[in-house]
Colleague: 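After the structure tokens below, expect a handful of questions from me.
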Amino acid sequence: GQTTASDTSFTSNAGDGIRLDLVGNVTLVDPLFDRVNASGNTGNGFSAFLDGNAVLPNVRIWRGAYNSNAQDGIHVEREGSSVIDNFRIGGRTVAGESLGNSINGNGDDGIELIARQANLVDDYIISDNSISGNGASAAATGRRGAHFRAEGDAQIDVDRPAGIELFED
């Protein structure tokens, strides 16, 4: 089956607005988050954690608002032999309609992607988003629009529009 959250608000929660925990031999197939407002939470707007042999293919985060969260707007963390494939944050339709998100004014990073352990490649596509004014919290450790961190043998592959530069920590 498919998990869909559409035209829904997850705001002002004492923790993350949306949190996916996939641990062990589990698969969440093709989750869609379309026109979701996950703003003003004391944790992250959207958070996913994978460990063990969890599989998370074809995630789509489209046309949402992930603003003014105390931590990251969108936070994804993979450990062990878990697999993240074709994780889309924003984009465009074939007809040219923007599927971009607003990821602004979060306390730490706008987007933070972390890959740990296992010689695997996490695959992300990030485009057509508004990402600005993040890192406003005095306790922020990142303060970046986007932060990508790979540890051990892990790798992160991010497709992004031309003209966007990535820097190493």
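Heavy atoms only: backbone and side chains are in, while hydrogens, waters and symmetry mates are out.
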Colleague: Measuring from atom CG of Asp108 to atom CZ of Arg144, what distance do you get when rounded to the nearest 0.5 angstrom?
Modeller: 8.0 Å

Colleague: Please round to the nearest 0.5 Å and tell me the distance separating atom CD1 of Ile74 and atom CD1 of Ile18.
Modeller: 9.0 Å

Colleague: Mind checking the CG-CG spacing from Asn13 to Asn41? Nearest 0.5 Å is all I need.
Modeller: 4.5 Å

Colleague: Any donor and acceptor pair, going by atom type alone, linking the side chain of Asn69 with main-chain N or O of Ala38 inside 3.5 Å?
Modeller: yes

Colleague: If you link I, L, V, M, F, W and Y whenever their side-chain heavy atoms are under 4.5 Å apart, who else ends up in the same group as Leu99?
Modeller: Leu32, Trp62

Colleague: Kindly determine whether Val36 and Tyr66 satisfy side-chain contact (heavy atoms from CB on, under 4.5 Å), including the steps that lead there.
Modeller: CA-CA 8 Å; Val36 167; Tyr66 301 87; 3.7 Å; yes

Colleague: State whether a side-chain donor-acceptor pair under 3.5 Å links Arg88 with Asn86.
Modeller: yes

Colleague: Applying salt bridge (Lys or Arg N to Asp or Glu O under 4.0 Å), name anything that partners Arg92, two or more places apart in sequence or on another chain.
Modeller: Asp128

Colleague: Could you work out, with side chain to side chain contact (heavy atoms under 4.5 Å, CB included) as the rule, every residue matching Asn129, not counting sequence neighbours?
Modeller: Ile89, Asn101, Ile103, Ile126, Ile131

Colleague: Kindly write out the residues that satisfy salt bridge (Lys or Arg N to Asp or Glu O under 4.0 Å) with Arg63, not counting sequence neighbours, or none if the list is empty.
Modeller: Asp34, Glu97

Colleague: Any chance you could pull the hydrophobic cluster mates of Val23, using side-chain heavy atoms under 4.5 angstrom and chaining through other members?
Modeller: Phe49

Colleague: When you measure from the side chain of Ser82 to the backbone N and O of Glu79, does any donor-acceptor pair fall under 3.5 Å?
Modeller: yes

Colleague: Which residues pass the side chain to side chain contact (heavy atoms under 4.5 Å, CB included) test with Ala115, not counting sequence neighbours?
Modeller: Arg78, Asp122, Ala154, Ile156

Colleague: Suppose we screen for side chain to side chain contact (heavy atoms under 4.5 Å, CB included). Which residues come up paired with Leu22, at least two apart in sequence or across chains?
Modeller: Leu20, Val26, Leu28, Leu50, Ala54, Leu56

Colleague: Spell out, as yes or no, whether a donor-acceptor pair under 3.5 Å connects the side chain of Gln117 to the backbone of Gly80.
Modeller: yes

Colleague: Please walk me through it: do Asn25 and Asn53 pass side-chain contact (heavy atoms from CB on, under 4.5 Å)?
Modeller: CA-CA 5 Å; Asn25 294 315; Asn53 294 311; 3.0 Å; yes

Colleague: Distance check, rounded to the nearest 0.5 Å: His147 atom NE2 versus Leu113 atom CG?
Modeller: 9.5 Å

Colleague: Enumerate the ring-ring contact (aromatic ring centres under 6.0 Å, His included) contacts for residues 67-104, please, sequence neighbours excluded, ordered by first and then second residue.
Modeller: Phe87-Tyr124

Colleague: Under the salt bridge (Lys or Arg N to Asp or Glu O under 4.0 Å) rule, collect the residues that match up with Asp153, sequence neighbours excluded.
Modeller: none

Colleague: Is there any ring-ring contact (aromatic ring centres under 6.0 Å, His included) pair reaching into residues 7-34, and which pairs are they, with sequence neighbours excluded?
Modeller: Phe33-Phe46

Colleague: Got a sec, which residues hit side chain to side chain contact (heavy atoms under 4.5 Å, CB included) with Ser102, two or more places apart in sequence or on another chain?
Modeller: Asn67, Asn104

Colleague: Would you say the side-chain atoms of Thr8 pair up with the backbone N or O of Ser6, donor to acceptor, closer than 3.5 Å?
Modeller: yes

Colleague: Please report the closest heavy-atom contact between Pro57 and Pro31, naming both atoms and the distance.
Modeller: O-CD, 3.6 Å

Colleague: Do the side-chain N and O atoms of Asn134 and Asp109 include a donor-acceptor pair separated by under 3.5 angstrom?
Modeller: no

Colleague: Give, for atom CZ of Arg60 and atom CG of Asp30, the distance between the pair rounded to the nearest 0.5 Å.
Modeller: 5.5 Å

Colleague: Hydrogens and angles aside, do Asp72 and Asn106 bring a side-chain donor and acceptor to less than 3.5 Å of each other?
Modeller: no

Colleague: Could you check whether any side-chain N or O of Ser9 sits under 3.5 Å from a backbone N or O of Thr11, counting only pairs where one atom can act as donor and the other as acceptor?
Modeller: no

Colleague: If you round to the nearest 0.5 Å, how far is CZ of Arg116 from CZ of Arg149?
Modeller: 6.5 Å

Colleague: Which residues satisfy the salt bridge (Lys or Arg N to Asp or Glu O under 4.0 Å) test with Asp16, sequence neighbours excluded?
Modeller: Arg19

Colleague: Assess whether side-chain contact (heavy atoms from CB on, under 4.5 Å) is satisfied between Val29 and Asn58, documenting all intermediate values.
Modeller: CA-CA 7 Å; Val29 179; Asn58 304 316; 5.7 Å; no

Colleague: So does Ser68 get a backbone contact from the side chain of Ser39, meaning a donor-acceptor N/O pair under 3.5 Å?
Modeller: no

